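All values below were derived from every heavy atom in this structure, side-chain atoms included, with hydrogens, water molecules and symmetry-related copies excluded. The structure displayed is predicted, hence computed values, not measured ones.
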Amino acid sequence: MADTKREREIERKYDAEAPGGLPDLRGVAGVADVIDKGVADLDAVYYDTADQRLATASVTLRRRTGGHDAGWHLKLPVPEIEGARDEVHAPLSDEVPRALLGLVRSRVREADLTPVVRLRSARDLRHLVDADGTLLAELSIDGVRADRLDGSTATTSWTEIEVELAPNGNPHLLDKVEKKLRKAGVQRSTSTSKLARALAETAGSETAPAAVRPPAGLDPDTAGPHVLTYLREQRNALVDLDPAVRQDLPDSVHQMRVATRRTRSAFKTYGKILDRTVTDPIGEELKWLAAELGVDRDREVLTERLTAAIAAVPRTLLLGPVRGRLKIWKVAGRAGSRRRTVAVLDSKRYLALLDSLDALLADPPLRKVARTPAAQALPAAVLKDYDRLATRVDHALALDPGTDRDLALHEARKAAKRARYAGEAATLALGKPAATFAKRMKAVQKVLGDHQDSVVAREALRDLAVQAHAAGESAFVWGLLYGREEAAAAARERELVGVWERASRPKARAALGG
């Protein structure tokens, strides 16, 4: 990604018909002046698959000349922020840059990207600045002509107003500007982008894939549609997080791994609703993906834990180049794991997994129980997972402290996670009882997770101590931290007794009406 640049774009579009022209925006939310920057001619060719997979996902990929930012632009939606998209820039070239191809691979898979629309715009640009001349936002009046390039000769044209917030600008400025524009008769555009409008007005949007829907004749209050809705959310999370993982954005690997685990857990929990002869092979591939992603995520979590542990050691006890040793260990593992993660996302096996999830959602292997009321089928499935967890916790707590108990607690942690996911998946149908159940299971999972993190940390600390000793460095700090981790694990084991009591069998069953 060295040749790319990523920016957060927040903008709003408006139809240009204003009876009295643009209003004077000076004085609006700190705007001291509106500076005319002249007119620029922009020429952009948009690329997509034949069935418009990018447009369907509100993703745009274009090659643009003219203006100050000529080059390739990929825009990815940011659903949680109105009008926001993450824009990735790459230098101008004849072919789609390899880095951008990777960022859309989860959506286009093996399909070809070809030109679909050409947009030529005359952009009349103005800068909204404060009293110090600092840019607050850009306002442009764009005269647009759109021509189809995918075999059609259709064309259309329009004029629109675009207001884009400056980097690190205050989003409230857009609200103030919009209020002024509305008073002047300027209305918000119904199209989310120029491409969306071009496709719609040239009747191109009709070729986009239809949204996946539950099988016809299935009552929406039955178990099947609820489980499919949850699985569709996880599938979408996988696809949406793919470009974030490739860009190494914070927490992206963790969230993608969670989506794989939630999907796999749902296949197992709701095996009486979806045929496991179909879902089990997909589940095995999800297990493979989670393990591959874990190479990166687990080291990330472990590094954060060890860094915090070193920071808590008094300076007088920091003997030897402790931080330097940890940095060497971190960099050596990080470089290899990052390369491996990206290679996995580029693999045919991963793309085949995404295809198999799409196929399952398009033609779900529903069993007879899928047609029973959700309020009846889902609690039984969730409580079965709870019983599995209870057996593992009771077994672990009955063991003496040591390796066997550590392994048993790790197995209980995995069961707690599955029970939690089962409750979360049922929340849409069952409401507060399922949410309460999931919250209690999350508490158990957290304690068990902290315990397992301590077990893993001790293994890493021993390795670091061995490396330090071999290099002639003091291993004192690594031994000190090892002892602290032993104490932390023992504390978590004691804490588990109380947490498990609060999530006891009668309470858990009562929460779900069991």
Side-chain angles (χ1 to χ4, degrees), residues 49-51 53-54 56-57 59 76 98-113 209-214 224 227-249 251-271 273-298 337-367 414 417-418 421-422 424-425:
T49 61
D51 54 1
R53 298 179 192 180
L54 296 184
T56 301
V59 174
L76 303 165
R98 184 175 180 178
L100 299 191
L101 283 174
L103 296 181
V104 298
R105 184 161 289 122
S106 65
R107 293 181 170 88
V108 305
R109 316 287 165 82
E110 301 286 0
D112 291 331
L113 287 169
V212 179
R213 301 182 183 280
V227 173
L228 291 175
T229 296
Y230 180 78
L231 290 174
R232 192 169 298 113
E233 290 173 354
Q234 306 316 313
R235 176 270 180 199
N236 291 343
L238 277 175
V239 171
D240 292 344
L241 285 164
D242 178 295
V245 171
R246 291 174 185 272
Q247 296 175 88
D248 199 19
L249 299 186
D251 204 39
S252 58
V253 170
H254 170 59
Q255 292 300 329
M256 191 175 193
R257 198 179 184 191
V258 167
T260 67
R261 286 176 165 172
R262 282 178 169 156
T263 304
R264 186 165 172 256
S265 290
F267 286 162
K268 293 181 177 180
T269 298
Y270 300 111
I273 295 171
L274 291 170
D275 187 349
R276 289 195 58 171
T277 63
V278 177
T279 61
D280 277 356
I282 302 176
E284 285 302 307
E285 291 303 283
L286 288 166
K287 181 180 180 180
W288 160 77
L289 178 59
E292 293 291 350
L293 292 171
V295 173
D296 203 17
R297 171 60 182 170
D298 290 345
S337 64
R338 280 295 303 159
R339 287 194 297 269
R340 181 169 177 171
T341 297
V342 174
V344 166
L345 298 185
D346 283 336
S347 69
K348 291 184 179 296
R349 183 175 181 179
Y350 166 69
L351 297 182
L353 168 58
L354 295 181
D355 285 342
S356 67
L357 287 171
D358 287 350
L360 180 140
L361 291 169
D363 185 19
L366 297 174
R367 301 182 67 189
K414 291 188 284 187
K417 185 178 295 185
R418 178 166 156 182
Y421 291 160
E424 290 175 347

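- Residues Tyr230 and Tyr421 come closest through the heavy atom pair OH-O, 3.9 Å.
- Rounding to the nearest 0.5 angstrom, the gap separating the CZ atom in Arg264 from the CG atom in Leu231 is 14.0 Å.
- Remark: Gln255 pairs with Leu241, Asp251 by the side-chain contact (heavy atoms from CB on, under 4.5 Å) rule, at least two apart or across chains.
- Within the 4.5 Å cutoff, the side chain of Met256 has no heavy atoms near those of the Thr341 side chain.
- In plain terms, the two heavy atoms of Ala259 and Ala237 that are nearest each other are CB-CB, 4.0 Å.
- With contacts defined as side-chain heavy-atom distances shorter than 4.5 Å, the pair Ser106/Leu238 does not qualify.
- For the pair Thr279/Tyr270, no side-chain contact is recorded, criterion being any heavy-atom separation below 4.5 Å from C-beta on.
- At least one side-chain heavy atom of Leu274 sits under 4.5 Å from a side-chain heavy atom of Leu366.
- A heavy-atom distance below 4.5 Å is found between the side chains of Pro365 and Leu360.
- Checking side-chain atoms of Thr269 against main-chain N and O of Ala266 turns up no donor-acceptor pair under 3.5 Å.
- Under the side-chain contact (heavy atoms from CB on, under 4.5 Å) criterion, Asp240 pairs with Arg107, Asn236, sequence neighbours left out.
- Rounded to the nearest 0.5 angstrom, Leu353 CG and Leu286 CG are separated by 5.0 Å.
- Each of Arg232, Arg235, Arg53 was evaluated against Asp358; a single residue qualifies, Arg235, per the salt bridge (Lys or Arg N to Asp or Glu O under 4.0 Å) test.
- The shortest side-chain heavy-atom distance between Thr49 and Leu54 does not fall under the 4.5 Å cut-off.
- Atoms OH and CD, from Tyr350 and Glu292 in turn, are 12.5 Å apart once rounded to the nearest 0.5 Å.
- Residue Arg261 holds its CZ atom at 3.5 Å from NZ of Lys417, rounded to the nearest 0.5 Å.
- Between Asp346 and the options Arg98, Arg246, Arg109, a salt bridge (Lys or Arg N to Asp or Glu O under 4.0 Å) holds for only Arg246.
- Residues Leu103 and Pro243 come closest through the heavy atom pair O-CB, 3.5 Å.
- Between Leu101 and Leu113, the closest side-chain pair of non-hydrogen atoms falls below 4.5 Å.
- With a 4.5 Å cut-off on side-chain heavy atoms, Phe267 and Ile282 count as touching.
- Taking CD from Glu233 and CG from Leu228, the interatomic distance works out to 11.5 Å, rounded to the nearest 0.5 Å.
- Listed by first and then second residue, the salt bridge (charged side-chain N to carboxylate O under 4.0 Å, His left out) pairs involving residues 277-291 are Arg276-Asp280, Glu285-Arg349 (not counting sequence neighbours).
- Of the inter-residue distances, the one linking Leu345 atom CG with Leu351 atom CG reads 9.0 Å to the nearest 0.5 angstrom.
- For Arg257 (side chain) and Ala290 (main-chain N/O), a donor-acceptor pair under 3.5 Å exists by modelled atom type.
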**Study point:** salt bridge (Lys or Arg N to Asp or Glu O under 4.0 Å) between Glu424 and Arg262, worked out
**Key:** CA-CA 9 Å; Glu424 290 175 347; Arg262 282 178 169 156; 3.3 Å; yes
